[in-house]
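Below is one structure, written out as structure tokens; comments come after it.
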Amino acid sequence: MQYWLMKSEPETFSIEDLQQAPKKITCWEGVRNYQARNFMAEGMAIGDQAFFYHSNCKIPGIVGIVKVVSESYPDHTQFDSESDYYDPKSTTAKPRWYMRDVKFVKRFKELVPLSALKANKSLADMQILQRGNRLSITPVSKKNWQRILEMVEKV
DNA sequence: GCCAACGTTGGC
DNA sequence: GCCAACGTTGGC
């Protein structure tokens with residue numbers, strides 16, 4: 001089993017939105033970066049877990065955990081000219097972008113803020129902490145996963 | 001294939 | 001709102 005971190009802007013889709021979704025499942029739409037897509041399409045497997053990260057908001061940080069519950073399949077929003085995620089260069093015969101379904105696992109009582117992740121020197125190799133990192137989906141090592149869970153328990 | 005221009009991300 | 005960092009686009 002592998003671990004991941006998935007970013008979402010809470011204004012667009014927050015962990016509260018996921019909790020309120022039918023069956024607490026959502027399709028993870030809108031990934032439009034090849035590296036992130038490859039992580040999702042080829043790197044992930046059903047049963048993997050991911051940190052849900054709120055980005056571009058007042059206090060960015062990890063707010064909970066989700067689980068991968070589907071194989072990858074074409075992201076329908078790429079074909080929808082009304083959608084912000086529309087990609088005119090993509091065709092149903094040859095889709096560029098893929099999604100998976102993820103399910104709510106838990107929401108932390110208090111988020112683990114980015115500032116706390118940065119302050120924890122043992123997490124220095126986390127991809128999200130590297131300078132200029134913009135990937136919306138990144139792998140997390142088992143060690144770092146456990147270290148972060150320990151930070152949650154201390155809250 | 002190079003690279004300048006442009007758009008986006010996301011913390012602050 | 002600012003801006004650094006990065007990815008993509010498109011002319012050549």
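Each chain gets a letter, A, B and so on, in the order the sequences are listed, and its residues count up from 1.
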Euclidean distance, atom [atom1] of residue [X] to atom [atom2] of [N] [Å, nearest integer]:
{"X": "A:D84", "N": "B:dT9", "atom1": "CG", "atom2": "P", "value": "10 Å"}
{"X": "A:I62", "N": "B:dG11", "atom1": "CD1", "atom2": "P", "value": "12 Å"}
{"X": "A:L111", "N": "B:dG11", "atom1": "CG", "atom2": "C1'", "value": "14 Å"}
{"X": "A:L129", "N": "B:dG11", "atom1": "CG", "atom2": "P", "value": "11 Å"}
{"X": "A:E11", "N": "B:dT8", "atom1": "CD", "atom2": "P", "value": "17 Å"}
{"X": "A:R96", "N": "C:dG7", "atom1": "CZ", "atom2": "P", "value": "16 Å"}
{"X": "A:I128", "N": "B:dT9", "atom1": "CD1", "atom2": "P", "value": "15 Å"}
{"X": "A:N33", "N": "C:dC6", "atom1": "CG", "atom2": "P", "value": "13 Å"}

Q. Is any side-chain heavy atom of A:K118 closer than 4.5 Å to a side-chain heavy atom of A:L123?
A.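 Result no, sub-4.5 Å side-chain heavy-atom pair not found.
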
Would you say a side-chain N or O of [X] is under 4.0 Å from OP1 or OP2 of [N]?
{"X": "A:Y34", "N": "C:dC6", "value": "no"}
{"X": "A:K7", "N": "B:dT9", "value": "no"}
{"X": "A:R131", "N": "C:dA5", "value": "yes"}
{"X": "A:K118", "N": "B:dC12", "value": "yes"}
{"X": "A:K58", "N": "B:dG11", "value": "no"}

Q) Is there a side-chain hydrogen bond (donor to acceptor under 3.5 Å, both in side chains) between A:D87 and A:W97 once you walk through the steps? A) CA-CA 9 Å; A:D87 184 347; A:W97 308 112; 2.8 Å; yes

(Q) Can you confirm whether more than 12 heavy atoms, excluding those of A:D125, are under 6.0 Å from its CG atom? (A)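 Yes, enclosed.
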
**Q.** Test log, rule salt bridge (Lys or Arg N to Asp or Glu O under 4.0 Å), inputs A:D75 and A:R96
**A.** CA-CA 8 Å; A:D75 180 339; A:R96 281 185 164 187; over 6 Å; no

Q) Hey, mind stepping through A:D17 and A:S14 against side-chain hydrogen bond (donor to acceptor under 3.5 Å, both in side chains) and telling me if it holds? A) CA-CA 5 Å; A:D17 294 329; A:S14 69; 3.3 Å; yes

**Q.** First of A:N56 and A:R134 reached from the 5' end of DNA chain C, by closest nucleotide
**A.**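 Here A:N56 is the residue nearer the 5' end.
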
